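In what follows, a single structure is set out as structure tokens and then discussed.
Nothing here was measured: the structure is a model prediction, and the numbers come from that model.
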Amino acid sequence: AFTYYNLNTEMGGTKTLAGTGAITVLNKLRVGNISILNGADKVLNLCGSGAIVTLAGKFIPGTSTVNYTSTSNATVAAMNYYILNCSGGPRTLQPDSVITIAGTAVNAFTPGTGPFTITRSTIKYNGAAAQYIPAFTFNNLTIANTSGDVSTSAPINVQGVLTLEQGILTTTFTNSLTVTNTSVSAVSQGTTTSFVNGPLKRNLPSNLTGAIDEYIFPVGKATTFLPFTINTVTTGSNPSLQIEAFLGDCGGSPNSSPFDISNTEYWQATTSNVTSAKVTLTRQTTLGTLNAIGHCSTINGTYTSIDGSVFRSYSVKNSNVTTFSFFVLATRT
């Protein structure tokens, strides 16, 4: 253990911040070349205020912890962290930068008691094992986990852009995910290996009148990608739409014999002040004979056809709806 006023690792080659116990920096840390804080028992305490860390090189956290401990405002630097603890308050996430977190612990990012300034910042979860996101309001949030899932352990909001690069983001009704940015580009398209497993809520622009923009919901269930898309949207004041995809049989039945519904996947839509839209449903495997969309107000009720057309063998698109509840792929003959 050692306490520094300023710690400058700029000179010379690779530096290892090691030793027994915590390394404490009272004022400023300047990272030069490559500095490594490796090992679960290694702790770096940054006690200064303002821009504590200046970067001339690269910081490798290993499996260690970095604590921002000042009781006055401190800027959380754009570094690669394992466990990042920002308890104490207030904190400013470095603007126009990416702060990466590879930690596996629930408190990999701990808001603490102080307010956060998040303008223009990006938090990127890039671990190689399961990660958990506690309650927080993000500007931009990026999921880039290479081999494990990322899960919300409390409700989270994204005010900027949700980017799904790699890994599955698991949400629940209780541990919800809401993208409050109403821009059509506020959520990335997702892929078969990176989507939201659980409900995804998006706030939409108020008073749209048939806007042709496409709002995608890159959702799925387990390891299956099942995106849901709307366009030609009409809304009222402060509208929102939440989508969750499911695998299996919805338990419903078609309203007539020439019309049949799929028993392998379905979607639930919960809306506020969205009065009409065109819906597109997509699945990972080809549609086969499926060529329409069925809709019902209850999960196991009687589904009626709202038409649609096949698009690229995986989607049925542009079915007009004025109510949002349960949707299935269907066959119309």
Side-chain angles (χ1 to χ4, degrees), residues 143-151 162-172 177 187-202 214-232 241-270 277-296 298-321 324-333:
I143 305 301
N145 189 292
T146 58
S147 60
D149 289 348
V150 180
S151 301
L162 172 66
T163 301
L164 301 165
E165 289 185 2
Q166 190 171 0
I168 294 172
L169 175 59
T170 297
T171 65
T172 66
L177 165 62
V187 178
S188 69
Q189 292 187 353
T191 66
T192 57
T193 58
S194 190
F195 55 84
V196 178
N197 171 31
L200 167 60
K201 181 179 179 180
R202 294 188 64 170
E214 286 196 332
Y215 294 85
I216 189 167
F217 292 76
V219 295
K221 187 59 65 176
T223 59
T224 302
F225 186 38
L226 298 165
F228 184 105
T229 305
I230 59 170
N231 64 64
T232 318
L241 179 61
Q242 178 176 284
I243 302 296
E244 185 170 4
F246 298 89
L247 292 172
D249 191 340
C250 66
S253 57
N255 69 337
S256 60
S257 58
F259 173 66
D260 199 11
I261 61 175
S262 170
N263 61 3
T264 57
E265 66 283 302
Y266 61 96
W267 291 259
Q268 181 178 9
T270 306
K278 290 184 176 181
V279 167
T280 297
L281 304 182
T282 302
R283 70 179 192 176
Q284 263 181 239
T285 55
T286 57
L287 293 170
T289 61
L290 298 168
N291 60 5
I293 293 176
H295 173 260
C296 188
T298 59
I299 184 173
N300 58 356
T302 301
Y303 284 75
T304 58
S305 173
I306 52 174
D307 297 323
S309 59
V310 173
F311 179 67
R312 294 181 179 174
S313 301
Y314 295 90
S315 304
V316 178
K317 65 181 301 185
N318 292 342
S319 290
N320 290 293
V321 296
F324 291 82
S325 45
F326 294 92
F327 297 88
V328 294
L329 290 164
T331 300
R332 178 188 64 245
T333 57

Can you name the nearest heavy-atom pair linking [X] to [Y], along with the distance?
| X | Y | answer |
| --- | --- | --- |
| Pro218 | Pro227 | CA-CB, 4.4 Å |
| Ser315 | Thr280 | CB-CG2, 4.0 Å |
| Ala330 | Gly294 | CB-N, 4.0 Å |
| Pro199 | Thr171 | O-OG1, 2.8 Å |
| Ser319 | Asp307 | OG-O, 2.6 Å |

Is the closest side-chain heavy-atom distance between [X] and [Y] below 4.5 Å?
| X | Y | answer |
| --- | --- | --- |
| Cys250 | Tyr303 | yes |
| Val150 | Leu169 | yes |
| Asn197 | Asp149 | no |
| Phe195 | Leu200 | no |
| Leu241 | Phe324 | yes |
| Trp267 | Leu329 | yes |
| Thr286 | Tyr314 | yes |
| Leu226 | Leu247 | yes |

Look up atom [atom1] in [X] and atom [atom2] in [Y], then write down how far apart they are to the nearest 0.5 Å.
| X | Y | atom1 | atom2 | answer |
| --- | --- | --- | --- | --- |
| Phe225 | Ile168 | CZ | CD1 | 10.5 Å |
| Glu165 | Thr146 | CD | OG1 | 12.0 Å |
| Ile230 | Lys278 | CD1 | NZ | 13.0 Å |
| Asn145 | Ser194 | CG | OG | 9.5 Å |
| Gln242 | Phe228 | CD | CZ | 12.0 Å |
| Arg332 | Asn291 | CZ | CG | 5.0 Å |

Query raised in the report: Judged by atom type as modelled, is there a donor-acceptor pair below 3.5 Å linking the side chain of Ser253 to the main-chain atoms of Thr302?
Result: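 Here the side-chain-to-backbone pair does not exist.
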**Prompt:** Is a donor on one side and an acceptor on the other found under 3.5 Å between the side chain of Ser325 and the backbone of Thr298?
**Reply:**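 Here the side-chain-to-backbone pair does not exist.
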In short, salt bridge (Lys or Arg N to Asp or Glu O under 4.0 Å) pairs touching residues 215-232 with sequence neighbours left out are Lys221-Glu244
**Q.** Inter- and intrachain pairs under salt bridge (Lys or Arg N to Asp or Glu O under 4.0 Å), touching residues 286-295, at least two apart
**A.**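 For residues 286-295, and leaving out neighbouring residues, there are no salt bridge (Lys or Arg N to Asp or Glu O under 4.0 Å) pairs at all.
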| said: Between Gln268 and Ile299, does the side chain to side chain contact (heavy atoms under 4.5 Å, CB included) criterion hold? Intermediate values first, please. | reply: CA-CA 8 Å; Gln268 181 178 9; Ile299 184 173; over 6 Å; no
| Around Gln189, counting heavy atoms of other residues, nucleotides and ligands shown, do more than 12 lie under 6.0 Å from its CD? | no
In residues 258-265, what donor-acceptor pairs under 3.5 Å come from side-chain atoms, sequence neighbours left out?
unit_1: Ser262; atom_1: OG; unit_2: Thr264; atom_2: N; d: 3.2
unit_1: Ser262; atom_1: OG; unit_2: Thr264; atom_2: OG1; d: 2.9
unit_1: Ser262; atom_1: OG; unit_2: Glu265; atom_2: OE2; d: 2.8
unit_1: Thr264; atom_1: OG1; unit_2: Arg283; atom_2: NH1; d: 3.4
unit_1: Glu265; atom_1: OE1; unit_2: Arg283; atom_2: NH1; d: 3.4

From the list Leu164, Val187, Thr170, side-chain contact (heavy atoms from CB on, under 4.5 Å) with Val196 holds only for Leu164
Requested in this report: If the plane angle is over 60° it's perpendicular, under 30° parallel, otherwise tilted; pick one for His295 and Phe327.
Outcome: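 Tilted: the ring planes of His295 and Phe327 meet at 30° to 60°.
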